[in-house]
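Counting starts at 1 for both ligands and their atoms, following the listed order. Values below: every heavy atom of this structure, side chains too, minus hydrogens, waters and symmetry copies. Index from 1, following the sequence.
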Amino acid sequence: MTEARFPALRLRRTRSTSWSRAMVAENHIAPAHLIWPLFITEGTGVEEPIATLPGVSRWSVDGIVKQAREARKLGISCVALFPNTPRNLRTDDGREALNADNLMCRATRAIKDALGDELGVLTDVALDPYTAHGHDGLVNDKGYVLNDETSAVLVEQALNQANAGADIIAPSDMMDGRIGDIRGALEGSGHINVQIMAYSAKYASAFYGPFRDAVGSGGLLKGDKKTYQMDHANSEEALREVALDIAEGADSVMVKPGLPYLDIIRRVKDRFEVPVFAYQVSGEYAMIEAAAAAGAGDRDALVLETLLAFRRAGCSGVLTYHAAHAARLLNG
Ligand code: PBG
């Protein structure tokens, strides 16, 4: 393409009024692109604010249903559920993950009973909210997270969640081969339309701190997750992870964390014809809230700018703790 030259070419022309900027905007974000993570706790009528995630609380199942109704009203597509399992139910093998009446399953059933197909429910597959050591899988006596043994348990966890009514199974554990195992089990048990959103490129990140407070695993975690989550030095490897998960039957893939990894999202989107999601994680949320509280930026503008950045990078949607707030802003 041969462009005109200045002054015939003035890129500021289309920028000069707001109607014109709206007319030529290349990317958009709408409430339907948002997935809202919610934290569940035991009890009735309980709301527990999370200190490191200002503005975010854990809710008992009745409160979760209210949040889900609110999400639906705002036009949000889907909620993502995370349980704060009572300490006495956390064991080395994380067996509470397989209990058909655990917090996650009760919350899923309650939302589905209330809203049916009006709102998606995404459930996280990994053992960290259920283990006494805070790791996502089964560990050996050296503290190493075992791959194949863990994958076998994750299959049971995924089936447990699908039986409770989960619409999207989202394995966040980074074990090799688990997407294929879970897909096979879902097909084999009649859950043919339950989607898998694979946390394909999930990095061992310093941005997960507040989440670990929220699900109560932070204080329990021994060591780090670097033998299973990805090294943040790598991006070629992210493409290999995504390719494997697609080949094993993932319906969509995720890159996590979000903003520091926009380059990965773009590479994945350029390479694969598959819906890509980003998880704007707890530490990113906390950074925006801290910046706004310190007067270093306008909260609403920071929220909308970061969310649109994910769309520009190629995302179909974003998991964000700002989902309800952003949806309210977008709905005017
Ligand atoms: C657990 C899981 C984590 C997050 C989502 N699922 C934490 C971790 O891997 O330690 C992080 C989300 C966030 O920080 O908001 N497998």
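Listed by number with element, the atoms of ligand 1 under 4.0 angstrom from any heavy atom of Tyr321 are 12 (C), 13 (C), 15 (O). Using a 4.0 Å cut-off to heavy atoms of Tyr279, the atoms of ligand 1 that qualify are 12 (C), 15 (O). Contact atoms of ligand 1 toward Lys225: 8 (C), 9 (O), 10 (O) (distance under 4.0 Å to a heavy atom of the residue). Interface atoms of ligand 1 facing Lys256, defined by a heavy-atom separation under 4.0 Å, are 2 (C), 3 (C), 4 (C), 5 (C), 6 (N), 11 (C), 12 (C). For ligand 1, the atoms sitting less than 4.0 Å from at least one non-hydrogen atom of Arg212 are 8 (C), 10 (O), numbered in the order shown with element in parentheses. Per-residue contacts place Asp128 under 4.0 angstrom from the following atoms of ligand 1 (heavy atoms of the residue considered): 1 (C), 2 (C), 16 (N). The ligand atoms of ligand 1 that sit less than 4.0 angstrom from a heavy atom of Gln229 are 8 (C), 9 (O). In summary, the atoms of ligand 1 found under 4.0 Å from a heavy atom of Ala126, numbered by their order in the structure, are 16 (N).
Note: Phe211 and Phe82 have perpendicular aromatic rings, judged against thresholds of 30 and 60 degrees for the angle between ring planes.
For the side chain to side chain contact (heavy atoms under 4.5 Å, CB included) with His133, the lone residue among Asp92, Leu221, Leu138, Leu220 that qualifies is Asp92.
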Original post:
Could you walk me through whether Met254 and Leu319 pass the side chain to side chain contact (heavy atoms under 4.5 Å, CB included) check?
Top reply: CA-CA 10 Å; Met254 194 200 296; Leu319 289 88; 3.9 Å; yes

**OP:** Kindly determine whether Arg69 and Arg72 satisfy side chain to side chain contact (heavy atoms under 4.5 Å, CB included), including the steps that lead there.
**Re:** CA-CA 5 Å; Arg69 285 189 194 281; Arg72 175 68 206 107; 5.6 Å; no

**OP:** Would you check, one step at a time, whether the test side chain to side chain contact (heavy atoms under 4.5 Å, CB included) holds for Val145 with Asp136?
**Re:** CA-CA 8 Å; Val145 174; Asp136 292 23; 5.8 Å; no

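At a heavy-atom distance under 4.0 Å, no atom of Asp173 approaches ligand 1. When heavy-atom distances to ligand 1 are checked against a 4.0 Å cut-off, Tyr285 has no atom that comes that close, whether in backbone or side chain.
Cation-pi geometry between Lys202 and Tyr279 is not met: the NZ or CZ atom fails to fall both under 6.0 Å from the ring centre and inside 45° of the normal.
Of the possible polar contacts, none joining the Glu237 side chain to the Met230 backbone as a donor-acceptor pair under 3.5 Å is found.
Between Tyr130 and Gln157, some side-chain heavy-atom pair lies under the 4.5 Å cut-off. Using a 4.5 Å cut-off on side-chain heavy atoms (C-beta onward), Tyr199 and Asp124 make contact.
If you check which protein heavy atom lies closest to atom 14 (O) of ligand 1, you get Ser282 OG, 2.7 Å. Remark: minimum distance from atom 12 (C) of ligand 1 to any protein heavy atom is reached at Phe211 CD1, 3.3 Å.
Within the structure, the closest approach of Lys202 to ligand 1 falls below 4.0 Å when heavy atoms are considered.
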